[in-house]
Each structure stands twice: as structure tokens, then as C-alpha cells.
Amino acid sequence: MIRIFLVLAAILCQPAWSAAKQPLTHETMWLLKRVGAPKASPDGKWVVFSVTEPAYDSKDQVSDLWLVPADGSAAPRRLTATKGSESDVDWSPDSRRIAFIAKREGDEENQVYVLNVIDGGEAWRLTGLSTGAAAPRWSPDGKQMLFSSNVFPGAADDEANKKAAAERKARKYRARVYESFPIRYWDRWLDDRKLSLYVQPVEPGATARNLLAGTKLASSAGFDAPFTATGNDFKAVWAPDGKSVVFAAVTNRTATAHSNTITQLFQSPAEGGEPGQLTTGKDSYSNPVFSPDGNALYAVFNPNNDKVYNLDRIARLPWPRQGQPKLLTSGFDRSPGSFVISPDSRTIFLLAEDAGHEKLYRLSAEGGVVSLVRDMTLGVYTGLDAGGANNAPLLVANWESAVNPPEVVRIDPASGEHKLLTNFNTERASEIDWQPVRHFWFTSKAGKQIHNMIALPPGFDEKKKYPLVLFIHGGPHTMFRDQLVLRWNYHLLSSPGYVVLLTNYTGSTGFGEKFAQAIQNDPLRGPGNELNEAADEAIRRFPFIDASRQAAGGASYGGHLANWLQATTTRYKCLYSHAGLINLESQWGTSDIIYHREVNNGGPVWEQGKVWREQNPIRYAKRFRTPILLTIGESDYRVPLNQTLENWSVLQRLQIPSRLVVFPDANHWILRGEDSRYFYEELLSWLKKYLGAPAP
């Protein structure tokens, strides 16, 4: 009896089977809560951020704003609870109210809403334009709101916009007519509407005034707000005295077929009137930010030259405007991803990519040496923001790694140590069988130092053998980061029992300007060689990799390189290519951006320089041998559908084992939950077919 009791006690003391760590599944990954970028209150007491609770059916997805004390003295609390999502949050100067964008019941477009987070109550709608509103920014005295809206040509007020919209809806024909490039961007056809700036008193029923209506600047053919993947954005800010606003605008949009776009800074009176130009020349200035003391205007500077890539620099303009901008980070061989000014206006804090991480740096607001606040060996920072008083600065950001979903953290500006303010996913992440990525470097045959990471499978055992899956990042001017990614999650790719190799080939950012520029005139061959060498080095370095079973592929530029591997090697059992070009020439002619490709390839396509002739995958079609999975979004205008169809035609003509998956509702990215789940099923099934069963 005693023996039975002891055995029973031992069983009861064991961890429950359900509590054991489990491999990452698509459901686990997809349903992790998504914590947005934090916004610090001016007084440094509060931090507001969004949290999305995903669902496979978009109707069931929830996204709300949350609030947490900046000192971490209490748990976050939900501020909003509506069916729609909120975005573009901005704090009022008195740190009592927030403005945000939402589309609520009765709204046909997004509008600006205001919520008192201190006294409580319901959010109320400030704007009511038929064309909607975006990017709200409080005036320094908290009495006016700056925002943007897409308007029809010549429409001076909302009645004119309503009339123009009604006329177009009543047309009996449907046609798009153009006289200049571009005609498409990312996943949408462009029309003649342009973004404009508005100012409206923060009072119910107040009328908004269009600051750019009737100005020569706004009516010029090349004027537009800078493009982003989700729309346009002036990045407009109030001047310190509240009498004007500063914004960034493109001045030569209609010339993008044959030159780089140029972005300049402009100043518009808050009462309306012709904007004045603050920066000039052939180089670009964007993302204006005023120092808290109002004595300086900072911006992102990027030169316009014959290089395919240039580092961003931080520029300083004394305010009121006088003299020429001063570049503050010329000696820093990294590109600031974002930056903020300390409350005392004496220090700039910035984030920059470096060898798989995004790290926090500081420099004097007057310029000087950029120094690392604290080195990091795990993860990245994003969404940096600042608030607080001179003697009590507040620095907040998102922090994440490949095994730590994003959370909001408070960073000590002196030590660089951070403290978690949220824990939405910490417990769930601890239940997943995954390990931090491992880093390694090697010297390529061309003499370059190449950085790599590997992701290991669940239940990893150093003594077993695992197939190698080479995953190639897009861009090319981006970097594999120690970060949790949804579209191409390292650990989900490794989950069947694969070692996933992540190589930062030539052209990657985070390794200096020359390294990123070196892909110019060598867009595929050089990086392709480095990928093969990286696989060789991983096999040599890690005995647990099975050299007889290798696969490779990627998306966007990673898809381009997968197709180049198809043309140049048979070492891989199979390949996979999402949104990859097969033909440099037809890609140039059908993409939404063309001049950049011309610069990268050494001249116009019709001149048939070496790159066009020697690094075009389709010219080597007779060498194609490797089975390949092709996937594409039908609304992808960056690497249009025709590229994948050309590839498919070649593969079918040559009778090479292949599979084509087209996502009608996807753009360059596969964003819908069920589409994403199906995509991973297709990809992992394809890998299993050619790599065989992983290690038991």
C-alpha cells in the first residue's frame, strides 16, 4: 500500500503533459497578441499602445488601445473596446487626452477621434470629412488638430470633394487615364487624388480648413506626399509657436520613370497660404522633428547620387530657419531607423540595425560621435518614443526577438537596461519549444565578412542529423534580424525538423554603406555565390546538418535569388520562390518602380549591359533542373504576377516538377490568416516531399 501511494505521489508531482513545451504551430504563431508601437505622454507618466488580438476570420479580430503607467506600477488597462481598430495615436500637450484614427459606426471613412484618458468617458468624433482623415497631431496649445486627407483635384472644401466623388460614381464608363509615371504603387492603381493637410479646432462641429487648397505647390504636377506600402504620409508636425506646420513632400513625382524622387521640407501657415520651401537641392529631407525647446528642426537626410543605396543621416536645422542644414551622423556607418530628442533637447537617441539586431545609440543634439547605449545579444528594438521632464526622461520602445514576441519596454537612458511594461505573450512564448537563433560569420571567397543566423528545430539534439533549409531575405536592402516574423517565421519553417539558415548576403543593411552598395551591378551572381558558400560553411561548422538534404528559397528579392539558384546550381533538392522575378527585362517594364532597377543593373535595359545579359535567370532556362514551388499574390505590383507566370511557363515547357499557388486576395505579402496558414501548409509539404522525413 505504501508503494502504491509513493508511485501515485510521484505521478502527481510530474508536470502535466499539456504543460510540456510544444513545437510552434501556425495557430500558435498567428494568435499571439500583437503589441503596437508605444506613445509616451509628454509628462512621462503614461504610455499608450495598441494590442491586436488576431483571428483567422477578420470579423472576429479585435484591436484596441491600452494604457500603462510608465513606471510599471500597474498592469496595462484597455482604453477602447470597439469592433474597429485604432491607429495614429497622438497625445495632447497636457497629457490628458489622445487623438487617434478610427472607423466607427456611421463612418464611411476613417476619422479623428478624441478620448480623455485621465477623466474617462467615451471617445468623440472630431472630423467628418467625406474623404476621411489620417495622422492627427495636436497643436502646441492643444486647441487645434492637424491631419491629412486625400482630396480630388481643385476641391477647395468638402462639398467640392463630395461633388467630385458623385460625378465619378455616376460615370457610365470605367477607365484609367495617365500621362506620366507611376500608374501603380504596391497593390493599388493610382488616381488623380492627392493628400492634403487640414487644420481644425478641437471642438465638436468645428470646420476643417485645407491648408494646401489653391496653392501653386499643391497644383504642381510633381507634388505629392511620400509613398508608403499603406498609403501616403507628409509626416507633418507643428512648429513650436503653433503658427505654422512643417511637412515633407515629393517635388518630382512625375519624373520617377527616369530619375530618383526628391523629398523636401516645406512650411505652411496654419491659417493657410502658399507654403515656403525650407530645404533645396537634389538631395532629400524627410521625417521632420522639432526639439522640445523649439530651437532646432531635425530631419532624415538622404543624398541623391548614382548609388543604388545610401545611408540615411540625421540633419539639424536651427529654428527659426537660418543657414544650411548640418549633417550630424556623417561618421556613423549605419542608417538611423528612427530617432527621438531627449526632453532637455541635449541628446538624440536613435535606433539602427547592426548584424542581426536593432540597437539603441545616442549622440549630442549638436552632433558628434554616435555611441552605443548598451550592446545587445538578443532581439531588436523598434518604435522608439520619448517623453517626460528634463530631470526625468522617459524612453520607451518595443522589444522582441525570434523567441520573444513584441512587448513594450521602458529603457533606462543611462544604463540601456530595459524593463517590461507589458507581458501579453510572455507566458505563451515560454510554452513553445524554440531556441534563440545562433549567429556565425565567415569570410566569402570574395573576401567579404558574411553574417548568418540559424534557427534550430523543436526537440533539437546535437547528435542527430537535420536537413538544411536556406531561407533568403528580400529587399535586398534589409537584413535578417533576431525578430519574430509572421510572414516567414524562422521557427515555423524549422518546426518539421529542419535547420534554417538565414544569410545576410551582400546588399544587406546593418553592415555599413559600402556593403549595402556592393550589390550594384552584381544583383544576383555575387549574392548567389555567398548563399551557396554560407550553406557550405554551415555544413562544415555544424555536424548536425545533413549535407545530402538541402533546400533553398525566399520571397521578393529572396525569390529573385531562388530563381538565380535554379539557373546556376543543382545542389538543392528543391527550391521555393514567392514573388520572385524570372526575367530582369519584363520585371523592369511592368513593376511599379523602374528607375531604381536601372541604376542597380548599370543602365537602361535597351542598352543591354552585362547585368541585363549575364544575370537574367530566364536566359539560363536550359539549365533549370530543380523542382520548385512558386507562390504569388495576384495584387502584387512590386513584382507583378507576370513574373511568376513566365517562370511557370518555362518550368512547364521544360517539364520540371513544379507547383503554382496564386493568392487572389494577396499583394506582395500574404496577409490573410487562412491564406497564410495554407501557404505554410503548401511550403512545408513541398519541403517534406523532397527532403524526406526529418530526424525522429
Side-chain angles (χ1 to χ4, degrees), residues 14-36 51-56 61-62 76 356-358 376-382 398-409 418 420-439 453-464 466-469 471 473 480-502 542 544-545 670-671 673-674 676-685 687-688 691 693-696:
Q14 293 293 320
W17 179 86
S18 60
K21 291 191 175 185
Q22 299 296 313
L24 181 67
T25 65
H26 189 275
E27 288 73 17
T28 301
M29 177 196 73
W30 192 261
L31 297 178
L32 288 170
K33 295 180 179 179
R34 302 171 194 174
V35 181
V51 177
T52 299
E53 301 173 53
Y56 280 99
Q61 182 165 292
V62 174
H357 303 286
E358 188 165 359
M376 63 194 311
T377 58
L378 183 69
V380 299
Y381 289 121
T382 58
N398 291 120
W399 175 80
E400 64 177 297
S401 80
V403 295
N404 297 96
E407 300 286 355
V408 176
V409 297
H418 72 239
L420 284 172
L421 296 181
T422 66
N423 284 285
F424 286 94
N425 293 298
T426 305
E427 181 178 354
R428 189 69 189 94
S430 69
E431 299 169 350
I432 301 171
D433 185 359
W434 53 9
Q435 297 184 33
V437 292
R438 296 186 185 181
H439 298 249
M453 301 186 297
I454 58 169
L456 301 173
F460 175 70
D461 185 343
E462 294 266 359
K463 298 179 181 179
K464 293 181 179 179
Y466 300 90
L468 179 68
V469 175
F471 172 40
H473 74 65
F480 272 131
R481 300 146 60 93
D482 181 7
Q483 184 175 22
L484 196 149
V485 185
L486 289 177
R487 292 193 298 273
W488 292 86
N489 186 274
Y490 314 151
H491 288 94
L492 194 53
L493 289 174
S494 73
S495 62
Y498 307 135
V499 172
V500 175
L501 173 60
L502 312 159
F542 304 113
F544 48 78
I545 293 177
I670 300 172
L671 299 176
E674 291 294 357
S676 174
R677 175 155 52 187
Y678 181 71
F679 164 78
Y680 276 103
E681 290 173 356
E682 283 282 342
L683 175 57
L684 295 180
S685 176
L687 293 174
K688 181 179 179 181
L691 295 180

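Computed from a predicted structure; not experimentally measured. Quick note: numbers below take in every heavy atom, side chains included, and nothing from hydrogens, waters or symmetry partners.
Counted by atom type alone, Tyr678 and Glu682 present one or more donor-acceptor pairs between their side chains at under 3.5 Å.
Here the closest non-hydrogen pair linking Pro458 and Pro23 is CG-CB, 3.7 Å. Here the closest heavy-atom approach between residue Ala402 and residue His491 is recorded as O-ND1, 3.6 Å. Across all their heavy atoms, Leu684 and Ser495 have their closest contact at CD1-OG, 4.3 Å. For Glu27 against Tyr56, the heavy-atom pair with the smallest separation is CA-OH, 3.3 Å. Taking both residues in full, the closest heavy atoms of Trp434 and Val403 are given as CZ2-O, 3.3 Å, listed atom of the first, atom of the second, then distance.
Judged purely by atom type and a 3.5 angstrom limit, Thr422 uses its side chain to pair as donor or acceptor with the backbone of Val408. The backbone N or O of Gly379 lies less than 3.5 Å from a partner atom in the side chain of Asp482, making a donor-acceptor pair. Without hydrogens or angle criteria, Asn398 side chain to Gly36 main chain gives a donor-acceptor distance under 3.5 Å. A donor-acceptor pair is defined here as one N or O able to donate and one able to accept, closer than 3.5 Å; no such pair exists between the side chain of Trp399 and the backbone of Leu420. Under a 3.5 Å cut-off, the side chain of Asn489 and the backbone N or O of Leu492 do form a donor-acceptor pair.
In this structure, Ser676 and Leu486 have side chains that are not in contact, with every pair of non-hydrogen atoms separated by 4.5 Å or more. By the 4.5 Å heavy-atom criterion applied to side chains, Lys21 and Glu431 are not counted as neighbours. With a 4.5 Å cut-off on side-chain heavy atoms, Lys688 and Tyr498 count as touching. Here the side chains of Leu501 and Leu468 are in contact, with some heavy-atom distance below 4.5 Å. Within the 4.5 Å cutoff, the side chain of Met376 has no heavy atoms near those of the Glu358 side chain. Side-chain contact between Leu691 and Tyr466 is absent, with no heavy-atom pair separated by less than 4.5 Å. Two residues are said to be in side-chain contact when any heavy atoms from C-beta on lie closer than 4.5 Å; Pro76 and Phe424 meet this criterion. Side-chain contact between Val409 and Tyr381 is present, with heavy atoms from C-beta onward closer than 4.5 Å.
In this structure, Leu24 CG and Ser494 OG are separated by 8.0 Å, a value rounded to the nearest 0.5 Å. Arg438 CZ to Phe542 CZ: the interatomic distance, rounded to the nearest 0.5 Å, is 6.5 Å. A distance of 9.0 Å separates CD in Gln435 from CD1 in Ile454, rounded to the nearest 0.5 Å. Rounding to the nearest 0.5 Å gives a distance of 13.0 Å between CH2 of Trp30 and OG1 of Thr25. Tyr680 contributes atom OH, which lies 9.5 Å from atom CZ of Arg487 (distance to the nearest 0.5 angstrom).
For Leu32, the side chain to side chain contact (heavy atoms under 4.5 Å, CB included) partners are Pro405, Asn425, Arg428, Leu484, not counting sequence neighbours. For Val62, the side chain to side chain contact (heavy atoms under 4.5 Å, CB included) partners are Glu53, Asp64, Arg78, not counting sequence neighbours. Thr52 pairs by the side chain to side chain contact (heavy atoms under 4.5 Å, CB included) definition with Arg34, Gln61, Ser63, not counting sequence neighbours. Every residue two or more places apart in sequence or in another chain that forms a side-chain hydrogen bond (donor to acceptor under 3.5 Å, both in side chains) with Asn404 is listed here: Ser401. By the ring pair (Phe, Tyr, Trp, His ring centres under 6.0 Å) test, Phe679 is found to be paired with Trp488, residues two or more places apart in sequence or in another chain being considered. Residues meeting the side-chain hydrogen bond (donor to acceptor under 3.5 Å, both in side chains) test with Asp461, sequence neighbours left out: none.
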Run the side chain to side chain contact (heavy atoms under 4.5 Å, CB included) test on Val437 and Tyr490 for me, step by step, so that the C-alpha distance in whole Å, both residues' side-chain angles and the decisive distance to 0.1 Å come before the verdict.
CA-CA 9 Å; Val437 292; Tyr490 314 151; 4.1 Å; yes

Between Thr382 and Arg481, does a side chain to side chain contact (heavy atoms under 4.5 Å, CB included) hold up when you go through it step by step?
CA-CA 12 Å; Thr382 58; Arg481 300 146 60 93; 3.5 Å; yes

Glu400 and Val380: side chain to side chain contact (heavy atoms under 4.5 Å, CB included), yes or no, with the steps?
CA-CA 6 Å; Glu400 64 177 297; Val380 299; 3.7 Å; yes

Determine, step by step, whether Leu493 and Val469 satisfy the side chain to side chain contact (heavy atoms under 4.5 Å, CB included) criterion, reporting the C-alpha distance in whole Å, the side-chain angles of both residues, the deciding distance to 0.1 Å, and the verdict.
CA-CA 8 Å; Leu493 289 174; Val469 175; 5.6 Å; no

